[in-house]
Peer 1: 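The structure is given below, and queries will be raised subsequently.
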Number of protein chains: 4
Amino acid sequence: MLPAEVRIDDLMTAAADLFIAKGIEATTVNDIVELAGVGKGTFYHYFATKEDVILALRERFSRDFTNKVAAALAECPGDDHRACFATWLRGTVEAYIANYELHDVVFHEFRHSSRNSKEKEIVIAQLSALLAEGAKAGAWSLPDVRAAAIAIYDGMHGVVDDAIVAGNGDAGAICEKLSLLFDRILIA
Amino acid sequence: MLPAEVRIDDLMTAAADLFIAKGIEATTVNDIVELAGVGKGTFYHYFATKEDVILALRERFSRDFTNKVAAALAECPGDDHRACFATWLRGTVEAYIANYELHDVVFHEFRHSSRNSKEKEIVIAQLSALLAEGAKAGAWSLPDVRAAAIAIYDGMHGVVDDAIVAGNGDAGAICEKLSLLFDRILIA
Amino acid sequence: MLPAEVRIDDLMTAAADLFIAKGIEATTVNDIVELAGVGKGTFYHYFATKEDVILALRERFSRDFTNKVAAALAECPGDDHRACFATWLRGTVEAYIANYELHDVVFHEFRHSSRNSKEKEIVIAQLSALLAEGAKAGAWSLPDVRAAAIAIYDGMHGVVDDAIVAGNGDAGAICEKLSLLFDRILIA
Amino acid sequence: MLPAEVRIDDLMTAAADLFIAKGIEATTVNDIVELAGVGKGTFYHYFATKEDVILALRERFSRDFTNKVAAALAECPGDDHRACFATWLRGTVEAYIANYELHDVVFHEFRHSSRNSKEKEIVIAQLSALLAEGAKAGAWSLPDVRAAAIAIYDGMHGVVDDAIVAGNGDAGAICEKLSLLFDRILIA
DNA sequence: TATGAATGAGGCTTCATTCAT
DNA sequence: CATGAATGAAGCCTCATTCAT
């Protein structure tokens, strides 16, 4: 009898926790409703299929991620492109660290219909725009903006993953390390 | 009554083809034995479980990959570190393009027990050694060799994936693009 | 959507009939659900495994058995121990004859985790108490009450089994035969 | 290349050990040949089916059992029937204790075609003869020799089982306990 | 809205047995 | 005599989904 959104949120959170803990395949709808504390029928009131939750989770993750980064970027002065990039990097790393487990499960474990996901495209576009602007303003030059954006984004992922595995999940230290690397790419 | 290796290879190849075409979950052991042209019992004579084939495929992929890159590197002059890196890049890109579909399925679609796979560690170590040597010889300097290796490797993956999706899977063109990027990182 | 107990009972009864007719191993879960007239999933809705039904059957058998004998004993005068024993014997033989087929299948055919089953212990305790009381009251003397209880109980089983095989399953005749035997044990 | 009997014996012993340890159903032919240290084909050289080993084991057990008891009886003076029974009891208890695990598995766990096994019939016949002779000689009287034989035999089984479970597997003590009981049956 | 009993297709796996070498 | 690769029928169990209440 709670508002629908609460129910939906309970279910999605339960699903996310289980997906992270046991993997998507190993998580049954039964598990989800049990953890969420609702009947099985309730699940199918709000989601047409199990896959639906994954998609919903994916969207929620992307929305959160993009919003976080956008919020960070909003506060950076439009003319200092170098600072802008640093802000982007910081925001991205923090947003990723905060939810990398869900990211893994929801974006990797679930078979993509196509190799490139819509979600990744958004964030790449975001970064590409930033890089292109900087290039136009002469802050740096880049032979291929898209390739640079992808390399930076995926490179960031890899380094953060490695830091996490190494037990060093401090965003500040990671960003510093990455800045030294990416600043080399962003030259005139 | 063929030699065991032939059967194993038949089964692994059949499995790989199906995994690529339909995904791991959608591929049944029945599918595999049917394509391999053997009885179902034969599958379980050589693999304890369905998961086992995935693991075997992963290992085979890694071994092949590492060998190909190592073979390429073997032919490059020890003192020209820049050329060496180019060789590594070329070998890696080619090896990846040749098998990226299997790579995807076997490394992404199947849940890793730990986040960092032994397999990735090997190739990162290979590249790290190359980068460290170049640094020692003064060909370039790097604040963090491992971070650079990871960023380069994962960046390469992303860019190649993007190129493949864009329908531009030519190793040469991709390498050129990547060289321009990575050469910026490898500076004194 | 019948009450759970009805379904459980249907399944247990179907299982019992089939176990008796074909043996446990030869009876498949498919057979059971078919005879019970429910879907296969329903079986696993109520029992975790096939073994579970056997255990449930065992418990049901024991409960019924103990209750029947206890009911018989309840009506016997507390001071006539000899009559009490006769009542016990009669009740036990009848209860056993009524269900020996299920008893066989469920207690013999299925591997016990331990050699002595909790179930047998209960009935031995019941008889031991009866024998001990008679001994205390001087109706008879016994050097080892437990050993006597076991010998009487197992001896009864053997003789009843033999009578059944010989096609002579009349409880009255069997009890008379057994009384002559056991009365010799129950002497002062 | 060993004499056939050795092979057969190795296989039967391996099977017996595994049947006792894991149960008949849980023991595979693979397990047996592995423990016996021979190839799987060898098993089927000597036994037509898995069931065959069980039957062979049963026969071996019965032969051993009967022989042991017969050997014990051979040494007892023909005219002292009471001593003869004591000898029988002692021999039976010892033979049973020595192999009760195998007995359990091979006679209980494996579904009898009929409720009374040929093997049990032999030992009951042996005891019945002994009891009948004693009765004829006036050493005791019995209203129903067969019923007494069965009750004594099965009663013995139960008491020995109980002693084993209680961790008291000493044949002497058990026999004494049983003698006190059975002597009450064997009266004039 | 909410529930949970009921379903059944279909997956994975086992294992006794055969037979070419 | 001995082997062990090969088989395939058959079993147990899972689980997403439906629907009557």
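Please read all numbers here as calculations on a predicted model, not as lab measurements.
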Peer 1: For DNA chain F, which ranges pair as stems of 3 or more consecutive Watson-Crick or G-U pairs, with both donor-acceptor distances under 3.5 Å?
Peer 2: E:2-21 with F:2-21
Peer 1: Could you give the CD1-to-C1' distance, from Ile8(B) to dA6(F), as a whole number of Å?
Peer 2: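 After rounding, the gap between these two atoms is 14 Å.
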Peer 1: Taking only residues at least two apart or on different chains, which pairs with a member in residues 33-45 of chain D satisfy side chain to side chain donor-acceptor pair (under 3.5 Å)?
Peer 2: Asn30(D)-Lys40(D)
Peer 1: For the CG atom of Asp52(C) and the CG atom of Leu11(C), what is their distance to the nearest 0.5 Å?
Peer 2: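 Result: 12.0 Å between the selected atoms.
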Peer 1: Report the distance from atom CZ of Phe47(D) to atom C1' of dT18(E), rounded to the nearest whole Å.
Peer 2: 18 Å
Peer 1: Is there a residue in residues 28-41 of chain D whose heavy atoms reach under 4.0 Å of DNA chain F, and which residues are they?
Peer 2: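 The stretch gives Val38(D), Gly39(D), Lys40(D), Gly41(D) as the residues lying under 4.0 Å from the strand, ordered by number.
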Peer 1: Has the side chain of Asp17(B) got a donor or acceptor atom that lies under 3.5 Å from a matching backbone atom of Ala14(B)?
Peer 2: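 Not at all, since once roles are kept as given, no pair shorter than 3.5 Å links the two residues.
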Peer 1: Does Thr42(D) place a side-chain N or O at less than 4.0 Å from the phosphate oxygens OP1/OP2 of dT3(F)?
Peer 2: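 Yes, within the criterion.
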Peer 1: Heavy atoms from C-beta onward define the side chain here; which of dG4(E), dG4(F), dA2(F) lies closest to that of Tyr46(D)?
Peer 2: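 Closest of the options to the side chain of Tyr46(D): dA2(F).
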Peer 1: From the list dA16(F), dA2(E), dT13(E), which nucleotide is the closest neighbour of the side chain of Lys50(B)?
Peer 2: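 That would be dT13(E).
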Peer 1: Identify, residue by residue, the members of residues 14-23 of chain D with a heavy atom below 4.0 Å from DNA chain E, and return them in order of residue number, or none.
Peer 2: none
Peer 1: Please tell me if the side chains of Asp10(A) and Val38(A) come closer than 4.5 Å, counting only heavy atoms from C-beta onward.
Peer 2: no
Peer 1: Using ring pair (Phe, Tyr, Trp, His ring centres under 6.0 Å) as the criterion, list what pairs up with Phe19(A), not counting sequence neighbours.
Peer 2: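 Phe19(A): no ring pair (Phe, Tyr, Trp, His ring centres under 6.0 Å) contacts found.
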Peer 1: After noting the C-alpha distance and the side-chain angles of Asp9(A) and Arg60(A), does the key distance pass the side-chain contact (heavy atoms from CB on, under 4.5 Å) rule?
Peer 2: CA-CA 11 Å; Asp9(A) 207 73; Arg60(A) 184 168 86 174; 3.1 Å; yes
Peer 1: Can you tell if the side chain of Asp161(C) reaches within under 4.5 Å of the side chain of His103(C), non-hydrogen atoms only?
Peer 2: no
Peer 1: Can you say whether the rings of Phe65(C) and Phe61(C) are parallel (under 30°), tilted (30 to 60°) or perpendicular (over 60°)?
Peer 2: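 Ring orientation of Phe65(C) relative to Phe61(C): parallel.
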Peer 1: Which nucleotide sits closest to the side chain of His45(C): dA5(E), dT17(E), dT13(E)?
Peer 2: dA5(E)
Peer 1: Atom CG of Leu11(C) to atom C1' of dA6(E): distance rounded to whole Å?
Peer 2: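 Answer to the nearest Å: 11 Å.
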Peer 1: Do Glu119(B) and Val123(B) come close enough that some side-chain heavy atom pair is under 4.5 Å?
Peer 2: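 Side-chain contact under 4.5 Å: no.
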Peer 1: Of the nucleotides dA16(F), dA2(E), dA6(E), which one has an atom closest to the side chain of Arg7(C)?
Peer 2: dA6(E)
Peer 1: To the nearest Å, give me how far apart CD (Glu51(D)) and P (dC15(E)) are.
Peer 2: 17 Å
Peer 1: Between Ala26(A) and Phe43(D), which has a closest nucleotide on DNA chain F that is more 5'?
Peer 2: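 It is Phe43(D) whose nearest nucleotide is closer to the 5' end.
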Peer 1: Does the side chain of Ile8(C) reach to within under 4.5 Å of the side chain of Phe47(C), using non-hydrogen atoms?
Peer 2: yes
Peer 1: So which atom in Thr27(A) and which in Leu18(A) form the shortest heavy-atom distance, rounded to 0.1 Å?
Peer 2: OG1-O, 3.3 Å
Peer 1: Return the set of residues passing side-chain contact (heavy atoms from CB on, under 4.5 Å) with Ile97(D) (not counting sequence neighbours), or none when no residue passes.
Peer 2: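 Testing Ile97(D) for side-chain contact (heavy atoms from CB on, under 4.5 Å), a comparison that skips the adjacent residues, returns Val93(D), Val160(D), Ala171(D), Ile174(D).
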Peer 1: When you measure from the side-chain N and O atoms of Tyr44(C) to the phosphate of dC13(F), is any distance below 4.0 Å, counting only OP1 and OP2?
Peer 2: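 Checking dC13(F) against Tyr44(C), a side-chain N or O does come within under 4.0 Å of OP1 or OP2.
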Peer 1: In whole Å, I'd like the distance from the CD1 atom of Ile54(D) to the C1' atom of dA16(E).
Peer 2: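 Interatomic distance, CD1 of Ile54(D) to C1' of dA16(E): 12 Å.
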